[in-house]
Each structure stands twice: as C-alpha cells, then as structure tokens.
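Beneath this line is the structure, given in structure tokens, with notes to follow.
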Amino acid sequence: MTTERTAEVGRLAGDVGVADRVRVRYAKTGRLRFVSAIDLGRVWERALRKARLPIAYSEGYTPHPKVSFPDALPLGYASTGEYAELGFAEPITIGPAMRRLNAAFATGCEVLDARGVAPGERRLSKWLGRALWCLSYPEGTDGAALVEGAQTILDASAWPVGRERKGETTEVDLRAPLVDLVVSEDDPPRVAALLDASEPPLRPTEVHTGLEIALQTQEPAHQHARAADGATLPTPRLISRTAQGAPADGGLLEALSGEHLAATAAFDATREELRLDRLDQPGP
Amino acid sequence: MRAHGALGARVVPLHPRRQGAVPIVSTTERPTRSVWPRLEPLLPHVQRPARYVGGEDNAVVADHADCDSAWLLLYPDTYEVGQPNQGLQILYEVLGEREGTVAERAFAPWHDLDALMREHDIPLFSLEQHLPARAFDVLAFSVATELGATNVLSCLDLAGLPLRAAERDDDDPIVLLGGHVAFNPEPLAPFADVVCVGEGEEFVLEADRVVRRWRQAREAGEGWSREDLLVALSRVDGAYVPGLYAPRYGRAPGGAGMPPLRETAPTRADLPEAVSKRAVSDLDAWPYPKRTIVPLTETVHERYSVEIFRGCTRGCRFCQAGMVTRPVRERSKETVTAMVEQGLAATGFEEIGLLSLSSSDHSEIHELATDLAKRYAGTATSLSLPSTRVDAFNVELADELAREGRRTGLTFAPEGGTDRMRAVINKMVAEEDLLRTAETAFAGGWRQLKLYFMIGLPTETDEDVLGIADLALKVVELGRRHGKRNRVTVSVGGFVPKPHTPFQWAAQDRPEELRRKVRLLKERVAGERNLKLSYADPEPGLVEGLLARGDRRVADVLERAYELGARFDGWSECFSLDRWEQAVADVGLDLDWYVTRERGRDEVLPWDHLDAGLDRHWLWEDWQDAQRGRALEDCRWMPCYDCGVCIGLDLEHQTGHLPVAYADGR
C-alpha cells in the first residue's frame, strides 16, 4: 500500500535495547480486521522476511518462524491491544528493528510497543487474563440512555444474554466476567468494557446485546424481555480491543508496560485506533 | 438502440432483464465514489471477507482524478484462485508502471456477497479503492478456463454493463477478454468488445494508446462512436473484435440437425481474414513480475513465481497450452536469478516457483536449480519446480531441490497407460523408462509417486484403459521393494479436445463412457492398499467441451445457463449438468453435435479465423499420424517439421539447446 505511515508511536521512537526475545503490542486495524488469525500469522512471517530481520526458525522439515500469538482476535474486530512474542536468531536492536518491520507490514498492522524479555520472565499468556474493549457507537446514539443502561447492568447480580449457536439459543451471563462498564462523555458515545477471560469466552458483541436489553427494560411498557428484538440501540460502527493485561483492582496491568489501566483508558486508546482506521479509508 | 452499422450484421436476440440484476445506468460520467462505506457493513456476514478488502503489500493505489486511462483487471473466479494468476500480475505491473495509467484488480464475489451486492445495489468493485467497475475505461478479463465463462457474465452483470457488446453505449467501458480461452472465444464473442489473442504485455500497452485517445475525445465532448472505437482497437496486432466478424451457417444436411458453420468472415474490407496471435520475442526484455502482490488471506499458490520459458515443442497432441504458446522462448539464467532475488526482497515470500510447461526442458535448468538451491540454503526458502516429465533427470533435479527437506511426493504424467496410447498422444516415454524412473525415485528415498493419466483419448480401447492400472500396479510393486509403506496415487481425468491442437477434430467421450472406464480401473486395482485411485467427475468436462469447441451460437446457451443460475462451474459444489442441459434444450442446440462428434478434414471450425501460428494442414497430418500411432520428435533438437509457427510469427526458438541434427554437422 502506498498510504504514508505516521510517525512511530510510543516507545518505538527511541532505541529500546537489545534482545533476542521480544514482546510486542501491536495494532490490527482498518481492513486488516477482516483477516483471520491464521492468515495474520503469514502476514507477520512475510513482513519479518521482507524487513530482513533475523527471525529464528523451528527445527525440522518444515521450519516455522518463532512468532507466537498467545491469543486470537475474532474476525471483524479491530485492536490496538494485540500481543506477540518474537524469537530472533541473534540479538537485535529493538527500536530500529520494529520500525523496519512496521515499514514492511501491510497497512493496518503496526507494532506499537516492544521490549526485550528477561530470562525466566512470566509467560506472555499469563498476562492476558483481562481485556479492555471499546464499542464506538454511530452518530445519533443516545449517550444518556447508555449511561443508565450500563448502570443497570452493573447493579444487577446477573445479566443473561441470549447466544445463538448452530440454530440453538443458549444463555450466557454477561455480568460475571464484566469488571467495569463505562460510557464516554463525548458524542457519539463510546462504551468501555473491562472483561475477564471466561469459559466459554464472552463475545464483545454480547456487551452490546446486554446494553440493548438494558435499554429496553428502562422503558416502562416493557417487561424484562431479555431478548434484543427492539431497535432502540444502533449497532456499534466499530468494536475494538484496546489493551490486555493481568487483573488488578478495578482495572488491569497492561501486559507489556505493567502500567495500571482503568476502563476509561479505552477512550484514549481508541483515539489512536480511529486514527489508524482513518488512515486506511480506501478511495476518495 | 443506436444503429450499429457493421455491428448490426448479426441480429442480437433481446433477453428479458435478469431478475435481481443491478439496474443499468449508462452515463458519460465515470463514477468516482468508493463503495467501501456500503460494503464494509456487509463483510461480517460473508465467508472469508478478507477476499474483498484489498490493502495487500505491493498493491498500487493511484489517483484516478488525473489519469489518462484506467484498467480494471478481472479474474472471473474467487480471489484465492485468481490472485496468484501470473498473467494478471504481469499486466497489473506493465500497465501500472506506465505514467498516467491506473490498473486495479477485481474478482468474482462468492454467492453470499453476490446476493448481498444485488440486494444493496452495490456494483462490482476494484480491490484497490473499491471503485465501481464503471469507473474504469477497460474491463480486462483473464479467462484461463472455459468453465469460468458464466462468471464473466456475472461480473459484467454486477458491473451494471449490458451483457451483450452490441447493446453497449458509446461511453460504456470496453470489455476485453484474454487468456487461453481467447483461442476460441466464440461462445463468449457476443459479450466481448475485444479479444486479445495471445500474449498481453505489448498488446495492452498498444491498446492503451487507443483507450487514451478515446478518453480524451470523450472528455472533450466529442466522443467516438462505439464502432469507431472498436475499429481503432482492431488495428492493434493480436486484437480480434468479434463484432466486426460474422459467422455464416449453411443448411443442415438433409434439412434436419445442426446447420454447419460455413465461415467466420470480417464485415469490413480492411480487416484481415484471420487474426494472428501476439507473442513477445524476448522474455528477458519483459522481466515481470517484479513486485508480486502478497495476499492477506490464503490463496491457491503463495510464492514468488517467474516463468523460465514460454512455449513447448514436446508436441503432446492433446495439449493446447503447448501448441498455442509456441515457439519456445527461454528466459536467461541471469535474468531469472536477478528476478528471484528482487522478487523475494519485494515480497517476503518463502517459496520460489519456476514456471513453464516443462521445467526440466530449460537448457540451463540444472545450473539454475542448483544455484538457487545453494543461494537460499538455510534461509527457510523453498523452491518449487512444477515438472511432470517422466525421466531420470527429473528425479535428479527433485533430489537436488529436496536436499534439506523431506522426500515426500513426486509427480509424473505419463498420460497414457500403454506404449501404443502414448504414441497416439505423442507423450513419448516407453514403459521400461517409466519403471526405471520410478525405481530411481523410490531408491532415492521418495515415498510417494503421483501418476497423472487421461482417459477418453482418441483410439482408446479398454486394453489401453486397463494399461493404466497395470502400469500403476507395477510401480506399486517396485515401490514396495524399497519400503512397505511407499504409495502410488493414480489420478485420472477425462480428455477434452481443444482448439488449435491435432486433436481438435476428435470425438469426446460422454460421461457415461468415462464412468464405465473408471469402473474398469477400479475393478483392476481393487484390494491394492498402497494404490489410491482418484478421478474427476466427468460431467463438467461435457460443458468444458461444449465451450472449448463451440461456435457463436453457444453464446445463447451460456447466457441461458447463467440465467438459470450457473456460476463458478469449475467448483464441483456449484456445477450442475442439469442446468446446462436445460439451457442447451431451451436454445435448441445439440450437445452431442458439439462435443461427442468427430469432425472431418474440410469442416469449417469456429476458430479458423484465429491464427495461433499452427498450419492447419500440419495439424491435420499430425492428427492422421496420431491415429496411426506415429510419434513425432521435439523440434528443439530434431529438424523442423514445419508446424508453421516460427515462419508465420517471424520468431525463432530461443534456447540454449543445440539441435542434434546440426550438432552432428549434418
């Protein structure tokens, strides 16, 4: 793509040390959010080769590059909070290497932060117990109603949401994994949801479904229907994951920086995410 | 309707507007708004949405606002199938490198998105900027296989263009067809404005000059009539404008059955009787592709591919590709090496593909393959060399390439099961050589051999068919001596006669007959656990045969089949023979007349006015030799047998091989 890249973000602007194992936080935005997790692995592999970085390969007949993704983002969602760990055949200087990698990526994939991994450090996957999501609603969405809806859900002890799978409808509880739910004050409104990993995992669209149900129950004529059949709340124009980390009181410790983030941090992050998304608006 | 002058020489049947079709709006303005904002919300609802997003590395996004011409290159199949097409990539770069010319790509949407696009009035779009097809001056289709024909129609329909060229207005985009189907485009002729017969590199640049003049005139408000435009395009070497050539039919013999074709002749005095194919003379002068697009989602081939030569003189009588791409033109080892180095750097691909019709025939193949293998050793880069020739040298090459890797499978294509059958098709390999080659492969540690065969070949007897099984069983036996678990896969396909080959006059077997032959094979190999027999459904071959050798009347069948829902006919889950038989019946043609009938020497063929360089008389003599079981040598090292190509095209074979006859000083 010929779209110009922006200046490097965050820590990548500098030289962040030398290492042969590197953890990165990266973005998957714009059109790339329609690329599956498996396909994204190949996108990484080719960008690493194109950037001529000395990525290490596994032994054996069909060598695989040492890039591990502890968690897969479902198709269709954007993210500025994806993580990967890279193993190099020799130590690299992280800052320049990641900048070269960013230049080789297709638009929409971008390393935002990176650091070396010390021996014996806690595994990356152990850091991803909690995720911060942001639902960006379109123009004309009633922010005040969303605020009330969010409060209704937080006040409840359980919030069942219908889930359709292979033609059958089951119920999942949104409330249990939901740590926090905050509505932004800007217009159009955004909703930040802090979710714990659960089994089966909660889908971020189910946060939206939960809010739809909450908004319907606010109307006095309605009984507690628990089915989102009214069109009171428009569909979010974008749902994105903005960070992942270890659970910490009321927020998370971001997996790469260890920084404590509250739910509202999603609003800062999506500003960045929307910037990346806009870069990739094709056509005039 | 405007009067079309010469174009009106043929009566165009009007068809009822197809249900659910995008409304056709014809304006002089090219649309400039991206459909992305309307497309994006639909993508979560379709399979594999990454097919439609573009944005790949090496895709080129150029401004339409001040360009002089805009080309949309279409491959009428899914992204996964079409994107790796080498021709598409080459023309994308050749056109895109020209100052002022924009080239973008489009593929056929799968059924799910096709339906949603019709429902939401979203036209066919380019991947680069999601611009409607009508934003382009040229819609250039690469049609590699006959079964892609209905998808050409669906793409035109989704683009909002009239299907029939004669119904298009002066300012509608030009519909150009190329690819192997261009060597008999008659079933698609009424839907095409122009057909590129042969290779496209020089053709598209010359056609682009005409397109620019037309666009300038249009923008100045003094547009050309469609006919002026088509006449101007017809002057480009290799251009066939079907609207300027009219077929004439005779009377059916005895007043019943199909009226035979009498001629397809130009409707203007200044047009040639026959259009000669285009071929570039020096491959080193066209070092494309340079920057292959790197797909974001998995496609059928993912590698940096480079052609090491074009053309083939092995002379296999069934092979259209070998016949229509003559003469042999090698790319030098130096150019290939440099292209591979730059191509890998520009893409990050982990595989190199060396393309040709018979890789092991390149005069420097051994040095080339070993050099590349050495150069990229230890870089996790693999080298693929599609070659199915049965000889020991090929095994040696494969050994070389697999030095570091696992020796899993080798593929050979003897095509015929008996020495007699192989003499008929001119696939010259004796059974003992084949067995020796198999022995070499198993001894070298290869665990699995794949053998390709055809059934339904001219003069074939049941003995020839069973010869396939017997040969395969012998190979299995050889394999077993080198390892209890060594396996042989036998893959059998039904033969479809193709234009511009010595077999263009031959009868094609009906699916029932092919099924019977497959049953013979199955019975013979039953119980052999180390042999796997796989065979293709013979029904699509019937339609492939109809479209391969059909005349312009078959266009009505094609359109009717499309109306009945035919799409993606090359996909077994989408193909329905019923639909096609219905279409043939509705139009009132005779399927057997086109497919299973043997032609006589003097019959006018629907592609006689297209000249692939092959002398018709030579093709006929070779067909006679075939039926007598007489083989023909390769003219790269044996004396010329006057197939007509070199003299007709004023080209020569360019290879490092020294002809044996001359090397001997004779």
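Convention: sequence-line order gives letters A, B, ...; per-chain numbering from 1. Predicted, not measured: the structure shown is a model, and the values here were computed from it.
Salt bridge annotation for D57(B)-R46(A): absent, with no cationic side-chain nitrogen under 4.0 angstrom from a carboxylate oxygen.
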- Query: Taking it one step at a time, do H130(B) and R31(A) satisfy side-chain contact (heavy atoms from CB on, under 4.5 Å)?
  - Reply: CA-CA 12 Å; H130(B) 295 89; R31(A) 288 182 270 182; 3.5 Å; yes
- Task: Before giving the answer on side chain to side chain donor-acceptor pair (under 3.5 Å), spell out for R49(A) and T381(B) the whole-Å C-alpha distance, their side-chain angles and the decisive distance to 0.1 Å.
- Result: CA-CA 10 Å; R49(A) 293 174 70 95; T381(B) 306; 2.7 Å; yes
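Counting heavy atoms of neighbouring residues, nucleotides and ligands inside a 6.0 Å radius, atom CZ of R447(B) does not exceed 12 of them. Summarising the local packing, NZ of K290(B) is surrounded by more than 12 heavy atoms from other residues, nucleotides or ligands at distances under 6.0 Å. Counting heavy-atom neighbours within 6.0 Å of E168(A) CD, excluding the residue itself, gives a total of 12 or less. Environment of CZ in R487(B): sparse, with no more than 12 heavy atoms of neighbouring residues, nucleotides or ligands closer than 6.0 Å.
Rounded to the nearest 0.5 Å, atoms CZ (R51(B)) and CZ (F34(A)) are 14.5 Å apart. The structure places CG of D39(A) at 8.0 Å from CG of L296(B), a figure rounded to the nearest 0.5 Å. Remark: R42(A) CZ to E302(B) CD distance equals 5.5 Å, nearest 0.5 Å.
The part of A346(B) that comes within reach of chain A is its backbone (N, CA, C, O), which places non-hydrogen atoms under 4.5 angstrom from that chain. Using a 4.5 Å cut-off between heavy atoms, T297(B) contacts chain A through both its backbone and its side chain. For chain B, the nearby parts of V35(A) are the backbone and the side chain; heavy atoms of each come within less than 4.5 Å. Proximity to chain B is absent for every atom of L48(A), based on heavy atoms less than 4.5 angstrom apart.
Considering all non-hydrogen atoms of both residues, K50(A) and N58(B) come closest at NZ-OD1, 4.0 Å. Pairing each heavy atom of A345(B) with each of R52(A), the nearest pair is CB-NH2, 3.6 Å.
If you tally non-hydrogen atom pairs under 4.5 Å between each of A380(B), S126(B), P44(B) and chain A, the highest count goes to A380(B).
In the model, S36(A) has no side-chain atom that pairs as donor or acceptor with a side-chain atom of R48(B) under 3.5 Å.
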